[in-house]
Amino acid sequence: MLASLALIASAVAAADDAATDVTRQSREDAWWTGPLLAPNASTFPQGHALVETYVFDVNSNGQFDPSGHHEPASGGHELGSLTYLIYGLTDRVSVGLLPRFFYDEPAGAPNSSSPGVGDLGAQVQVGLTSFHEGSLVPATAVVLGETFPTGHYDALANPADGFGAGVYSTSLSWYSQDYLWLANGRILRVRLDLTYAISSSASLRDQSVYGTPVGFRGHAHPGDSFTADAAAEYSVTRNWVLATDLVWVHNSSTRVAGANIMTSGPEASVSLESGSSEYFAVAPAVEYNFSSRVGVIFGARIFVAGRSTGSSVTTAAAINMVF
C-alpha cells in the first residue's frame, strides 16, 4: 500500500525520470504538519511539547447497509474540536492528553442545548526505533491509550447532548514512519499506524447515546475495534505539502441489555445487538508550514465504502505548534 502511495505521489509531482543530475532534497528543507489522521511515530525530545488543535464538521450523508450498498440521505452536522497536548518526558517517552468538545445539529431533531465536553483521552508513547538516513529501519513506537468517560451519555433530556460513550476504552497502537526520496529528489514521508481498542461496559439510565428510551435501565457493552491507517505526505516545497490518509476501521458488535421499567410483562426486557461494522475512508489534505515548528492543515475525511455503518464527509482544519 505504501509503495502504491509513493508511485502516485511521484506521478503527481511530474518527476523527470530521465534526469541524471537531480538535487536530493534534505530533510532540513522539508517542513511538516502531519497528515490529517495518522499520528507521528517519532517521540519528542525531552522537555519539548506539541499542541495541535483540530476543528471539524461531520456532515452525515447516508448509510451503508450490511451488504455494502450506500443509501444516500441528507443528515445533520456534528461540530467539534480535538486537541493533542503532548510532552516529551525523555527522548523516547512522551505523554499526552486529548480533550474533546462537541455540538450536534441532527437532522429533524433539536440541536444540542450547548457545546459540551466529550470523553477525555490520555496516552503514553514509547519510541522503539529512530529513523536514520540510509537505514532500512523506520521510526517506530508503541502507544498505550486510555479514554475516560467524561462526556454525558445517558439520562439525557435531549439526545443531542450526548457527547460521550460512558466507557473506559483502552487502546494499544503501533506507529511507524519512514522517508522516501522520489525520482525528482523530493521527499515522501510515509506512516503506517495500527490500533486495537477494547472497552468496559456502561451503565445506562433512560435516554442514551445507545438509543435507549426513557425508563430504560441496563448496560451497554461496546465491541472491540481495529484501525489501520496508511498515510503519505509529499513535500512540494519547503512550506507546502500534499497529504493523504487511507484508513480502514472495523468495529465488533455492541450489545445493549436491560429492561424498561415503564413497561410490564415480557415486553419490558430489552436485548439489542448492533452487529459488526466497518468502513474505508480517504482523507486528502493540504499543509502550509510557516516554519519547522508551526504549520496548518486543511482537508476532509470521506467515507468511500462500508458495511452496517453511517457515512459522512468530515471537513477539518488544524494548527500544529511545537515548543
Side-chain angles (χ1 to χ4, degrees), residues 1-42 44 48 50-57 82 84 86 130-136 138-140 175-193 228-247 280-304 313-323:
M1 182 181 290
L2 295 181
S4 298
L5 290 171
L7 291 174
I8 292 170
S10 182
V12 171
D16 183 5
D17 294 331
T20 59
D21 185 20
V22 174
T23 300
R24 183 180 170 96
Q25 183 186 15
S26 68
R27 290 176 60 206
E28 291 72 22
D29 186 57
W31 294 341
W32 315 93
T33 293
L36 207 58
L37 303 177
N40 196 344
S42 299
F44 293 98
H48 287 263
L50 165 79
V51 177
E52 184 172 24
T53 297
Y54 286 83
V55 291
F56 55 84
D57 177 8
L82 166 65
Y84 287 84
I86 311 295
S130 301
F131 173 81
H132 297 285
E133 196 167 330
S135 171
L136 296 178
T140 61
Y175 294 167
S176 66
Q177 177 175 279
D178 207 351
Y179 294 83
L180 307 175
W181 275 262
L182 304 182
N184 63 347
R186 306 301 294 179
I187 297 176
L188 184 78
R189 190 170 75 165
V190 294
R191 293 178 178 176
L192 177 61
D193 294 350
D229 188 346
E233 299 168 276
Y234 174 70
S235 178
V236 181
T237 69
R238 192 181 201 188
N239 303 94
W240 289 99
V241 176
L242 299 178
T244 190
D245 289 85
L246 303 176
V247 60
F280 175 73
V282 298
V286 176
E287 306 171 24
Y288 182 80
N289 298 281
F290 300 96
S291 70
S292 62
R293 292 177 177 269
V294 180
V296 293
I297 184 170
F298 306 90
R301 184 195 64 179
I302 305 165
F303 281 45
V304 296
V313 175
T314 301
T315 53
I319 181 168
N320 179 301
M321 296 176 289
V322 177
F323 301 93

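All heavy atoms count here, side chains included; hydrogens, waters and symmetry mates do not. Computed from a predicted model, the values in this text were never measured in an experiment.
- Distance check: Leu188 CG to Tyr234 OH gives 9.0 Å after rounding to the nearest 0.5 Å.
- Residues Trp240 and Val286 have side chains in contact (heavy-atom distance under 4.5 Å, counting atoms from C-beta outward).
- Distance check, rounded to the nearest 0.5 Å: CG of Leu246 to CG of Asp229 gives 8.0 Å.
- When all heavy atoms of Ser26 and Ile187 are compared, the closest pair comes out as O-CD1, 3.8 Å.
- No side-chain donor-acceptor contact under 3.5 Å links Trp31 to the backbone of Phe290.
- Between the side chains of Asn289 and Thr33, at least one donor-acceptor pair of N or O atoms lies under 3.5 Å.
- With a 4.5 Å cut-off on side-chain heavy atoms, Phe131 and Arg27 count as touching.
- Here the shortest heavy-atom pairing between Ser42 and Asn40 reads N-OD1, 2.9 Å.
- Atom CD1 of residue Ile86 and atom CZ of residue Phe44 lie 7.0 Å apart, to the nearest 0.5 angstrom.
- Put simply, the side chain of Ile297 does not reach to within 4.5 Å of the side chain of Asn320, judged on heavy atoms.
- In this structure, His48 and Phe323 approach most closely via the heavy-atom pair ND1-O, 3.0 Å.
- To the nearest 0.5 Å, the span separating OG1 on Thr140 from CD on Gln177 amounts to 11.0 Å.
- Residue Thr315 holds its OG1 atom at 10.0 Å from CD1 of Ile302, rounded to the nearest 0.5 Å.
- Annotation: side chain of His132 is in contact with side chain of Ser130 (closest heavy-atom distance under 4.5 Å).
- Side-chain atoms of Asp178 and Ser176, non-hydrogen and from C-beta on, never get closer than 4.5 Å to each other.
- Side-chain contact between Asp29 and Arg186: present, with at least one pair of heavy atoms (C-beta onward) separated by less than 4.5 Å.
- Nearest heavy atom pair, residue Ala243 against residue Glu233, reads CB-CG, 3.8 Å.
- The main-chain N or O of Trp181 is never found under 3.5 Å from a side-chain atom of Gln25 such that the two would form a donor-acceptor pair.
- In terms of modelled atom types and a separation under 3.5 Å, the side chain of Glu52 and the main chain of Tyr84 share no donor-acceptor contact.
- Here Leu37 contributes atom CG and Arg191 contributes atom CZ; the two are 11.0 Å apart, rounded to the nearest 0.5 Å.
- Under a 3.5 Å cut-off, the side chain of Asp245 and the backbone N or O of Ala38 do form a donor-acceptor pair.
- Using a 4.5 Å heavy-atom cutoff, the side chains of Thr314 and Tyr54 are not in contact.
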